[in-house]
Engineer: 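Quick one: the structure is below, and I'll ask about it shortly.
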Amino acid sequence: MPRKFFRSFLPSHDSVRANRYIARFGPWLQHHNLWHLHRRSVAGGVAVGLFAGLVPGSNPVQFTAAAVLAIAGRVNLPIAALVTLYSNPFTIVPLYYGAFKLGQLALLQSADDLPPLAFGLEGKGFSEWIPAAFEWLASVGKPLVVGLPLLALLLALIGYFATDWTWRLYVRCAWQSRRRRRALRAGKP
């Protein structure tokens with residue numbers, strides 16, 4: 001992968017160790033896999049970021065979840081935090097809808113769309129509208145609660161293996177290209 005390009009953005013191991021804010025956390029943030037770019041660390045960081053990106057909450061919550069999981073799994077921390085940005089205001093509705101459908105599938109429920117909210121309560125009072133809204137949330141909640149971790153795990157697995165495979169393919173192509181260049185320089189066609 002283009003490690004040289006990304007290394008210009010990542011801190012060196014010595015600068016991480018010397019940073020006074022990171023030094024407070026002691027050895028937790030000083031493991032070399034948290035900051036280095038190699039196949040397993042980056043693939044793990046992508047998987048952690050994809051998983052943490054579906055943690056309900058805003059970006060600081062997702063960044064924190066990604067950091068904790070990256071430290072626990074000893075995978076690339078900046079990659080994990082950066083990948084969480086795939087869930088944003090433009091993608092969250094399709095992601096949650098997909099999680100809802102996956103939850104319905106896992107719970108063996110009917111393949112209907114989202115249950116309709118009781119719009120017949122327009123002229124009714126607040127005391128009649130609140131129970132209907134809670135009933136709707138309960139009917140959506142169970143498939144969503146089951147589907148969200150399933151989708152997060154599925155995305156993490158796909159992200160890990162896709163990154164690992166892409167990294168291996170890139171290295172293989174680079175080796176073959178290098179071998180061809182050396183053969184041309186040596187005069188062998």
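Sequence positions, counted from 1, serve as the residue numbers for this chain. Bear in mind the structure is a predicted one, so any value in this text is a computation, not a measurement.
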Engineer: Which pair of non-hydrogen atoms, one from Ala156 and one from Phe51, has the smallest distance, and what is that distance?
Structural biologist: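 Shortest heavy-atom contact: CB-CB, 4.1 Å.
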Engineer: Nearest 0.5 Å, what's the CZ-CZ distance between Arg178 and Arg181?
Structural biologist: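 The distance works out to 6.5 Å.
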Engineer: Same cluster or not: Leu157 versus Tyr160, using hydrophobic residues (I, L, V, M, F, W, Y) connected whenever any side-chain heavy atoms lie under 4.5 Å apart?
Structural biologist: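 Looking at the clustering, Tyr160 is in the same group as Leu157.
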Engineer: Between CG of Leu50 and OG1 of Thr163, what distance do you get to the nearest 0.5 Å?
Structural biologist: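 Going from the CG atom of Leu50 to the OG1 atom of Thr163 covers 7.5 Å.
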Engineer: Does Thr84 reach the main-chain N or O of Phe63 with its side chain, forming a donor-acceptor pair under 3.5 Å?
Structural biologist: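 Here the side-chain-to-backbone pair does not exist.
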Engineer: Tell me every residue that passes side chain to side chain contact (heavy atoms under 4.5 Å, CB included) with Ala67, counting only those two or more places apart in sequence or in another chain.
Structural biologist: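 With sequence neighbours excluded, Ala67 shows a side chain to side chain contact (heavy atoms under 4.5 Å, CB included) to Leu77, given in chain and number order.
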Engineer: Which atom names give the shortest non-hydrogen contact between Ala80 and Ala70, and what distance separates them?
Structural biologist: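 Minimum heavy-atom separation between Ala80 and Ala70: CB-CB, 4.1 Å.
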Engineer: Under a single-linkage definition using a 4.5 Å side-chain heavy-atom cutoff for Ile, Leu, Val, Met, Phe, Trp and Tyr, are Val83 and Leu151 assigned to the same hydrophobic cluster?
Structural biologist: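 They do share one cluster, since a chain of ILVMFWY contacts under 4.5 Å joins Val83 to Leu151.
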Engineer: Kindly work out whether a path of hydrophobic side-chain contacts (I/L/V/M/F/W/Y, heavy atoms less than 4.5 Å apart) joins Val146 to Tyr96.
Structural biologist: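 Cluster IDs for Val146 and Tyr96 match.
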Engineer: Measure the spacing between CG of Leu54 and CD1 of Ile92 and express it to the nearest 0.5 Å.
Structural biologist: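 Between atom CG of Leu54 and atom CD1 of Ile92 there are 6.5 Å.
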Engineer: To check you understand the geometry: which heavy-atom pair defines the closest contact between Pro56 and Leu148, and what is its length?
Structural biologist: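 Distance-wise, the nearest heavy atoms are CG-CD2, 3.9 Å.
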Engineer: Taking side chain to side chain contact (heavy atoms under 4.5 Å, CB included) as the test, write out the residues that go with Leu154, two or more places apart.
Structural biologist: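 Only Ile158 meet the side chain to side chain contact (heavy atoms under 4.5 Å, CB included) criterion with Leu154.
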Engineer: Between CZ of Arg182 and OG of Ser177, what distance do you get to the nearest 0.5 Å?
Structural biologist: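 Rounded to the nearest 0.5 Å, the CZ-OG separation comes out at 10.5 Å.
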Engineer: Shared ILVMFWY cluster between Tyr86 and Val55, side chains joined below 4.5 angstrom?
Structural biologist: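 Per the 4.5 Å side-chain linkage, Tyr86 and Val55 are not co-clustered.
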Engineer: Which heavy atom of Ala162 sits nearest a heavy atom of Thr166, and at what distance?
Structural biologist: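 For Ala162 and Thr166, the tightest heavy-atom pair comes out as O-OG1, 2.6 Å.
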Engineer: Could you report the tightest heavy-atom contact between Ala99 and Leu144, atom names first, then the distance?
Structural biologist: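 For Ala99 and Leu144, the tightest heavy-atom pair comes out as CB-CD1, 4.1 Å.
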Engineer: Spell out, yes or no, whether Leu155 and Val93 are grouped together once hydrophobic residues are joined by side-chain heavy atoms under 4.5 Å, including indirect joins.
Structural biologist: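 Shared cluster, yes.
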Engineer: Can you give me the closest heavy-atom contact between Gly147 and Leu102, atom names plus distance?
Structural biologist: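 So the minimum-distance heavy-atom pair works out to O-CD2, 4.0 Å.
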Engineer: Using modelled atom types and a 3.5 Å cut-off, is there a donor and acceptor pairing between side-chain atoms of Ser41 and backbone atoms of Leu37?
Structural biologist: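 Side chain of Ser41 to backbone of Leu37, a donor-acceptor pair under 3.5 Å: no, none is there.
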Engineer: Honestly, is Arg172 close enough over Trp175, meaning NZ or CZ under 6.0 Å from the six-membered ring centre and within 45° of the axis?
Structural biologist: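 Arg172 over Trp175 ring: no.
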Engineer: So, taking the atom named CD in Gln62 and the one named CG in Asn88, what distance separates them when rounded to the nearest 0.5 Å?
Structural biologist: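 The CD atom of Gln62 sits 9.5 Å away from the CG atom of Asn88.
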